[in-house]
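Remarks on the structure that follows.
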Amino acid sequence: MDVRTNLRQQQQLPLLENAPKAQKTPAQKAIRKTFKGTAHLARLLPTGSVLTFQILSPILTHQGRCPTHASRVITLGLLALCGVSCFILRLTDSFRDERGKVRYGLATFRGLWVIDTSLKLTPEEKAQYQLKFIDLFHAFASILVFAAIALFDKNVVNCFFPTPSEEAKELLMRVPIGIGIACSILFVLFPSKRHGIGCPLSKH
């Protein structure tokens with residue numbers, strides 16, 4: 001009897017799908033937008049370039065000492081290479097071919113230049129991936145984010161500024177923070193819809 005009673009009570013309960021949507025408070029809406037914006041920000045940060053930089057920076061700078069002029073030049077080359085990679089990666093995009101495999105390409109003003117297959121897109125499909133102003137904005141902003149991270153690296157700072165003045169120390173502390181906050185807000189306000197290298201498409 002108890003089992004039958006429970007079944008009847010469950011059948012009388014309204015289904016979750018048919019239940020009316022609960023009204024969200026302004027605070028809940030703000031939290032939801034914050035989490036959504038944080039997801040966009042995490043996807044747009046140049047994590048691959050930063051990881052490469054953090055691995056090679058102590059080695060190339062000799063733990064920040066930079067005993068020779070060549071070590072400084074090599075460190076500058078590392079910074080330039082990582083910055084360029086941040087810029088280029090933000091201009092990549094991906095799509096699924098007829099077999100469901102993810103293909104990557106570089107967005108240009110003429111459309112998507114597919115780089116990992118000989119597949120040719122139709123003019124209509126290429127037009128969907130044309131390079132836009134927002135893409136260039138994200139690319140340059142990614143370079144700024146990487147520059148801010150590099151300025152927080154003690155090895156780089158000690159290499160190029162072995163004995164900084166008090167004003168220089170204050171600038172090295174505040175400038176990266178300002179860049180990070182500004183780019184974070186802009187990334188959230190103007191998110192990118194591209195799924196480039198490092199941000200692949202979902203399975204569905």
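Only this structure's heavy atoms are used, side chains among them; waters, hydrogens and symmetry mates stay out.
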Under the rule for side chain to side chain contact (heavy atoms under 4.5 Å, CB included), what residues qualify as partners of [X], not counting sequence neighbours?
{"X": "Glu170", "answer": "Arg174"}
{"X": "Thr163", "answer": "none"}
{"X": "Phe160", "answer": "Arg72, Thr75, Leu76, Leu79, Val156"}
{"X": "Ala182", "answer": "none"}

Check for me, please, whether [X] and [Y] land in the same ILVMFWY cluster - side-chain distances under 4.5 Å, paths through other members count.
{"X": "Leu78", "Y": "Ile59", "value": "no"}
{"X": "Leu171", "Y": "Leu144", "value": "yes"}
{"X": "Leu81", "Y": "Ile88", "value": "no"}
{"X": "Ile185", "Y": "Ile134", "value": "yes"}

With sequence neighbours left out, which residue pairs that include part of residues 144-162 fulfil the side chain to side chain donor-acceptor pair (under 3.5 Å) condition?
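Listed by first then second residue: Ser57-Asp153.
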Measuring from [X]:[atom1] to [Y]:[atom2], what's the distance to the nearest 0.5 Å?
{"X": "Phe161", "Y": "Leu151", "atom1": "CZ", "atom2": "CG", "answer": "7.5 Å"}
{"X": "Asp93", "Y": "Ser192", "atom1": "CG", "atom2": "OG", "answer": "7.5 Å"}
{"X": "Arg90", "Y": "Leu136", "atom1": "CZ", "atom2": "CG", "answer": "13.0 Å"}
{"X": "Ile143", "Y": "Ser49", "atom1": "CD1", "atom2": "OG", "answer": "10.0 Å"}
{"X": "Leu51", "Y": "Ile55", "atom1": "CG", "atom2": "CD1", "answer": "4.0 Å"}
{"X": "Phe95", "Y": "Lys101", "atom1": "CZ", "atom2": "NZ", "answer": "13.0 Å"}

Heavy-atom closest pair, residues Ser71 and Pro67:
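Nearest pair, atom of Ser71 first, then Pro67: OG-N, 3.8 Å.
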So which atom in Ala107 and which in Leu112 form the shortest heavy-atom distance, rounded to 0.1 Å?
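Ala107 and Leu112 have their closest heavy atoms at N-CD1, 3.8 Å.
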Apply the test side chain to side chain contact (heavy atoms under 4.5 Å, CB included) to residues Ile179 and Val175: give CA-CA distance (whole Å), side-chain angles for both, the deciding distance (0.1 Å), then the verdict.
CA-CA 6 Å; Ile179 293 175; Val175 170; 3.8 Å; yes
Using side chain to side chain donor-acceptor pair (under 3.5 Å) as the criterion, list what pairs up with Thr92, not counting sequence neighbours.
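Side chain to side chain donor-acceptor pair (under 3.5 Å) list for Thr92, sorted by chain: empty.
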With Gln54 via side chain to side chain donor-acceptor pair (under 3.5 Å) - residues at least two apart:
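Per chain and number, Gln54 pairs via side chain to side chain donor-acceptor pair (under 3.5 Å) with no residue.
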Could I get the full list of ring pair (Phe, Tyr, Trp, His ring centres under 6.0 Å) partners for Phe87, not counting sequence neighbours?
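Checked Phe87 against ring pair (Phe, Tyr, Trp, His ring centres under 6.0 Å); matches are Phe140.
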Test: ring-ring contact (aromatic ring centres under 6.0 Å, His included). Region: residues 48-70. Which pairs qualify, not counting sequence neighbours?
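The answer is Phe53-Phe146.
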Kindly write out the residues that satisfy salt bridge (charged side-chain N to carboxylate O under 4.0 Å, His left out) with Asp135, not counting sequence neighbours, or none if the list is empty.
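Partners of Asp135 by the salt bridge (charged side-chain N to carboxylate O under 4.0 Å, His left out) criterion, ordered by chain and then number, come out as Arg194.
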Quick test of your reading: applying disulfide bond (SG atoms under 2.5 Å apart), list the pairs with at least one residue in residues 90-142, sequence neighbours left out, ordered by first then second residue.
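Matches after skipping sequence neighbours: none remain.
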Disulfide bond (SG atoms under 2.5 Å apart) contacts in which one or both residues fall within residues 103-155, not counting sequence neighbours
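Checked against disulfide bond (SG atoms under 2.5 Å apart) - neighbours excluded - no pair reaches residues 103-155.
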Determine the interplanar angle of the Phe137 and Phe190 rings, folded into 0 to 90°, and report it as parallel if under 30°, tilted if 30 to 60°, perpendicular if over 60°.
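Rings of Phe137 and Phe190: perpendicular, as their planes differ by over 60°.
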